[in-house]
K.L.:
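Below you will find the structure I want to go over with you.
In what follows, every chain begins at residue 1, and chains take the letters A, B, ... in the order their sequences are listed.
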Amino acid sequence: MRKQSTWIGVIAIAMLVLMTVAPAFGAGRQEQAAAEQITLRMSWWGGETRHNAYLDMLDLFMEQNPNIRVEAEFSGWDGYIDRLRTQMAANNQPDVYIAGHEGPWMVLPWSARADIRDFDIDLSAFSQVQIEEIMDADPDNRLIGIPVSESVRAAYLVNATVFEELGIALPSRDWTWDDMAALAQEVYDRSGGAVHGVLDESAGIPYGSFGRRSFDIAIHGSPQTSLSGHEHSAEQLTRTYEWWGALRASGAATPAEVSVQADDGANSPIVNREAAMMSTALGSFARFQANTPDNLVLMPPPAGEYPSDELSAGISTQISSQTRHPEAVALLVDFLRNDREAGLIYGTENGIPANANFREALIERGLSADEEIQFGVHNWIVNNRESVGFVFPHPSTSEFRTLQYAEEQALAFGRQSVQQTVQNILRHARDLGM
Amino acid sequence: MTVSTEVRPTIGRQGLFSRMSDSAKTRTYISAGVRHLFLAAFGIIMVYPLLWLVFSTFKPNVEIFSSASLLPQTWEFSHWRQGWSAIRGHTFGTFFLNSAVISGLSIVGTLISCSLAAYAFSRFRFPLKRVWFSILLVTMMLPSQVLMVPRYILFVNLGWIDSFAPLTVPNFFGSSAFFIFLITQFIRGIPYDLDESSFIDGCSRVRFLWSILLPLMRPALFTAALFTFMWTWQDFMGPLIYITSVRLYPMPLALNLFVDAQAAVNWGALHSMMVFSIAPIIILFFFAQRYFVEGIVTTGMKG
Amino acid sequence: MKSRLSPWQRKRLSEAGTAYGFLSLWLIGLFTFTLWPFAHSIHLAFTNYSFDPTYEYVGFANFIRGFTDGLSLTSMNVTARFAIVSVPLRLAVALFVAVLLNKGIRGLGIYRTVYYIPSLVGSGVAVAIMWRRIFGRRGLFNNVIALFGLQGQDWIANPDTARFMLVLLSAWQFGSAMLIFLAALKQVPQEMYESAEIDGAGVVRQFFGITVPLISPVIFFNLTMNIINAFQVFTQAKIITNGGPMNETMFMVLNIYNQAFRFGNMGYASALSWILLLIIATFTAINFVSSRYWVYYETRMK
């Protein structure tokens, strides 16, 4: 008996040995011992084209700075934020990473993100509205990122093929929300109910919607975030829900069962022809067009009484507050977001570049058909619209949205009245201390 | 009760039929037909998603989601080649190999550590047995999502990040409570008379486990190996958190490299590599399943 | 010393020693890889940790919130409803198909593989899309019932049926439970059926008289594991319904994930996890107590 225990003990010890030598296999990070060699880590998410663009940029950068090696840690979108957040909890995040400043990105601790102004990086080519928007997001008003693109949030996708089939003229760029409502009705009526006019933005769309936010700012002058502090909130919410409720009732907007499972890609109502119009970010145009044989066109967001936040900052290049090589990091970030060559390689991977010089360089080089469409809308907005920057800095915003969407879905399914919905939403806001 | 001590043929149709009358044979044929009809109809529902996936790799991207038909309207053959080398500097061969190494090590580790622990739980009396067994079960009850951060911190401290170690080494220490429990239940279904007669013959515990119990446990061990393979092959969150270098990515992470929230996705290429990822499991399963059929019957035992 | 122990005691002692020898690997793993993360999460459950290095202890506030917060109570409610329907349905399907496939029929290998495919394909995008194609507004199911003059609806988007669609999906992925049943069925000695047949026992009596008692340890295993898994249902809900519509599929683990990784309430999420653990443990304990009356072990020892 004793013999067997010893025997098993030997296995256990062998396993322990294996455990201690384990890091050797699979090869961990190779630390270069060379005296001046600096290794930086950088992460981003994306698809094939973005990975290749960043890899090309990094190759160019390492060619220009032979003493700096950049390890690329790239992945797809799924789980990207989860990984970054986990790394930050262990102080093991990459030196440079791509991230946002509001919505889901607010769960990245602010203390893990460095102030860009502490680094030697040129900010002169970026819009002040965007810089200020990012600063407003940070509780200490620091600048935690350099915008990558100048996102038009609520650009409207219009299925031109459907419009043509129904004999409806495309809207002009200075259309208003009421124009849109009328067009949506026309689509529904002329198609005999087969196609709805527009995706219902008020029905708690699961991925969150850009159009709803643009609508609120344009119609009410505020995005209704700090709900408990605003006396007008109840009135504004009621107006929003009644406006969209009327479209839903007449068939102009999609019914609840379409809206609540709409996604912003392959299963979007515009791809499977359930709606002829829907809102999206400007940079996502190519994504939708790639999923459908129909011809899509892009419109600026419809106008309302107030200026909206069309040209707000999207994602940004951010720096870890834990970085041990501030000079090298500054070189890298400045290269990525200010170097003309880099800008040409990256192109419109995230939509219209935030750096004004990059935009000029791209136009000089010549634009593709998809880019032509995006630049056209962007230019029009720059020349014809006043843009404002709004951020939702409350830490419970994401939680509030989840609760709000469930109430809105109940409204869209006809399970509760507008009044009840508004009351519940305001109660949730109060409970979360907003 | 006792267990068969001789080698018997697998359940043969002839064996059953020879004892039957003609009318019984007809009835059996009809019932077999009905059963086949039922199984096949059911089977179509089962394979539909896979068929859709396979055919979608031959559709142009604009057709994949906008068309309702299963078969492509226009055949497109470039997706497989695009998908294979979509990620610059790496092919899916690398990712496949990474997955194979991780799965292989996990299977070896799981089989060794889990069958040892399961033998202890099923055939020994020892102090605190119930306590340890309860702890074993409780370790499965906390959702892995909240353990992600502390586990990551642990592996950072061990210096294991960006290697296969966090994904494989714990398996050598019975990290899959599921399989310990599974094998325990199987051993408990094997007659205890066997143990006693062996010990009277002077067989040691280790030899008993190795030469008598293990062969009997083949179906259970095969199940454990298959599940370990499948779960590590499909695991996404683990590799995502622990592995940062693309050259060490296993298949699920590599597939995710195609998917972006904003940009256009080359669905055809993605789906072709998804099929490439699923195919080995299906093929392996198809050929390895005879272990289920044989199981205890042909293994036999010398009493 | 030795002389004070009776031979019987010495045997017990040596048996315990050997047992701990066999357990040693698992014990090392338990103390190295499992207990510390567990302890860490208990610790966080009593704090307001939100990934920032500074946090405070909040006593039982997170646990109290877990039992009073509307979203948390909703998630407990829908999870329980999901588990109660999905566990018996999945096990029944798995056992039924396993018994069906256990007989020697032509093409057995193909059927077994085909039936295992849903579990192999996992619950990725492809499955989500397929599920929509079958049960969506313009889906296959609606086309079929239209032949009988019935008006369909979008079964996944409808708040009344969405959760049941996920129950169906979970039943459809019965492959793993089926394989475990198959492996167990192979351990049942064939003579028992043969002698029962000679005694004139029908298929149903054979099933309940021989099959069920003999594979009861494995039924018990599948029941226990499926209860644990059903309460931890997550992926399907995240990919297909994202908790909606109207939070009808906001299962506990989805809520925990959201709280931890989308809302940043890591402390609260940890507390919710421990509440979930207690719920699962309670059901498992009930299952264990009941097993004394229906599970038949070959082993003579406890």
K.L.:
Under 4.5 Å heavy-atom distance to chain A, tell me which part of B:Tyr249 shows up: side chain, backbone, both or neither.
P.N.:
side chain

K.L.:
Under 4.5 Å heavy-atom distance to chain B, tell me which part of A:Asn91 shows up: side chain, backbone, both or neither.
P.N.:
neither

K.L.:
Apply the test side-chain contact (heavy atoms from CB on, under 4.5 Å) to residues A:Asp59 and B:Arg88: give CA-CA distance (whole Å), side-chain angles for both, the deciding distance (0.1 Å), then the verdict.
P.N.:
CA-CA 12 Å; A:Asp59 281 351; B:Arg88 211 181 64 182; 3.0 Å; yes

K.L.:
Taking all non-hydrogen atoms of both residues, which atom of A:Ala89 and which atom of B:Ile153 are closest, and how far apart?
P.N.:
O-CD1, 4.2 Å

K.L.:
Nearest 0.5 Å, please: how far is OG1 in A:Thr49 from CZ in B:Phe258?
P.N.:
11.5 Å

K.L.:
Select one option (side chain, backbone, both, neither) describing which atoms of A:Asp56 are under 4.5 Å from chain B's heavy atoms.
P.N.:
both

K.L.:
Any side-chain to backbone donor/acceptor pair from A:His51 onto B:Leu257? Under 3.5 Å, distance only.
P.N.:
yes

K.L.:
For each of A:Pro94, A:Gly46, A:Ser75, tally heavy-atom pairs with chain B at distances under 4.5 Å, and name the one with the top tally.
P.N.:
A:Gly46

K.L.:
Would you say the side chain of A:Asn291 lies within less than 4.5 Å of the side chain of B:Asn61, judging by non-hydrogen atoms?
P.N.:
no

K.L.:
Can you tell which of B:Ile241, B:Ile243, B:Leu255, B:Asn157 has the highest number of heavy-atom pairs within less than 4.5 Å of chain A?
P.N.:
B:Ile241

K.L.:
Quick one: do the A:Trp77 and B:Asn256 side chains pair a donor with an acceptor below 3.5 Å?
P.N.:
no

K.L.:
Among B:Val246, B:Ile87, B:Val156, B:Leu253, who wins on heavy-atom pairs under 4.5 Å with chain A?
P.N.:
B:Val246

K.L.:
When rounded to the nearest 0.5 angstrom, what is the spacing between CZ in A:Arg41 and OG1 in B:Thr244?
P.N.:
6.0 Å

K.L.:
Could you state the interatomic distance from OH (B:Tyr242) to CZ (A:Arg83), rounded to the nearest 0.5 Å?
P.N.:
12.5 Å

K.L.:
Taking side chain as C-beta onward, heavy atoms only, is B:Leu240 less than 4.5 Å from A:Tyr80?
P.N.:
no

K.L.:
Side chain from CB out, backbone as N, CA, C, O: work out which of these in A:Gln87 comes under 4.5 Å of a heavy atom of chain B, or both, or neither.
P.N.:
both

